[in-house]
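Numbering starts at 1 and runs along the sequence shown.
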Amino acid sequence: MQASSTAEVAFHFNVPDRVDYTARLLRKAWGQGARCQVLAADEELAQIDDSLWLRFPGEFLAHSVDADPEAVRRRSPLHLGRLASAGVSVRIILDGGDPGELLHGVRRVIEVVGADEADRERARHRWRAYRQLGIEPQRHDLSGK
């Protein structure tokens, strides 16, 4: 599958707390009016869901999860899970599927990579897959931050 030439892919490496970092990315995207989808393991999705309720005092980030009715998912600017509706412009990946499919219909993909070696190895594989699709990913190393 050939990727859209306008799609951008960025890898954020050495993220010390993937859940917290993803919640902050979602807050930023929400503030800019972007529609986002997060793909992660069920446990991390549940933690991100909790974080969006608790992380930002006095500020609710409207979001949906796969268990919500389709009408709720359609209206939600942020979706945690695989069933996002059309109109998603940013996909945040902690654990996701085929890179070619992840690019479909979005302007930007952000891969959040922790510091553990297994996560880094999966990221290397995915980096190569994006390059095979003709996309040169951007690299953001958080180890110095």
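- Taking both residues in full, the closest heavy atoms of Arg128 and Glu121 are given as NH2-OE2, 4.2 Å, listed atom of the first, atom of the second, then distance.
- Under the side chain to side chain contact (heavy atoms under 4.5 Å, CB included) criterion, Ala71 pairs with Arg74, Arg75, sequence neighbours left out.
- Between Phe13 and Arg139 the shortest side-chain heavy-atom distance falls below 4.5 Å.
- Not counting sequence neighbours, the partners of Arg120 by the side chain to side chain donor-acceptor pair (under 3.5 Å) test are Asn14.
- Take Asp49 and apply the side chain to side chain donor-acceptor pair (under 3.5 Å) test, not counting sequence neighbours, and it matches Trp53, His63.
- With sequence neighbours left out, Asp42 forms a side chain to side chain contact (heavy atoms under 4.5 Å, CB included) with Leu45.
- Looking only at side-chain heavy atoms (C-beta outward), Tyr130 and Val109 come within less than 4.5 Å of each other.
- The two residues Ala41 and Asp95 come nearest to each other via the heavy atoms N-CB, 3.8 Å.
- Summarising the geometry of Ser76 relative to Ala62, their closest heavy-atom pair is OG-O, 4.0 Å, with the distance given to 0.1 Å.
- For Glu136, the side chain to side chain contact (heavy atoms under 4.5 Å, CB included) partners two or more places apart in sequence, or in a different chain, are Trp127, Arg131.
- With values rounded to the nearest 0.5 angstrom, Ile48 atom CD1 is found 11.0 Å from Leu78 atom CG.
- Among residue pairs with one or both ends in residues 15-37, those qualifying as ring pair (Phe, Tyr, Trp, His ring centres under 6.0 Å) are His12-Tyr21; sequence neighbours excluded.
- Checked against salt bridge (Lys or Arg N to Asp or Glu O under 4.0 Å), Arg108 has the following partners two or more places apart in sequence or in another chain: Glu8.
- Between the OG1 atom of Thr22 and the CD atom of Gln47 there is a distance of 10.5 Å, given to the nearest 0.5 Å.
- Within a 6.0 Å sphere centred on CZ of Arg107, other residues, nucleotides and ligands contribute 12 heavy atoms or fewer.
- With sequence neighbours excluded, the residues satisfying salt bridge (Lys or Arg N to Asp or Glu O under 4.0 Å) with Arg126 are Glu111.
- Residue pairs meeting the ring pair (Phe, Tyr, Trp, His ring centres under 6.0 Å) criterion with at least one partner in residues 64-103, sequence neighbours excluded, are absent.
- Contact between Ala7 and Ile135 at its shortest, heavy atoms only, is O-CD1, 3.8 Å.
- Qualifying salt bridge (Lys or Arg N to Asp or Glu O under 4.0 Å) partners for Glu43, counting only residues two or more places apart in sequence or in other chains: none.
- Expressed to the nearest 0.5 Å, how far CG of Leu80 lies from CG of Leu39 amounts to 10.0 Å.
- Residues meeting the side chain to side chain contact (heavy atoms under 4.5 Å, CB included) test with Arg18, sequence neighbours left out: Val15, Glu44, Leu94, Val112, Asp119.
- Of the inter-residue distances, the one linking Leu83 atom CG with Asp66 atom CG reads 3.5 Å to the nearest 0.5 angstrom.
- Glu70 has no carboxylate O lying under 4.0 Å from a charged side-chain N of Arg73, or vice versa, which leaves the two without a salt bridge.
- Among all heavy-atom pairs drawn from Val72 and Ser64, the shortest one is CG1-CB, 4.1 Å.
- Listed for the Asp68 side chain is a donor-acceptor partner under 3.5 Å among the backbone atoms of Val65.
- Between Ile110 atom CD1 and Gln138 atom CD the span is 9.5 Å, to the nearest 0.5 Å.
- Side-chain contact between Val106 and Ser89 is absent, with no heavy atoms from C-beta onward closer than 4.5 Å.
- Between Leu103 and Val9, the closest side-chain pair of non-hydrogen atoms falls below 4.5 Å.
- The heavy-atom pair separating Leu133 from Pro99 by the smallest distance is CD1-C, 4.0 Å.
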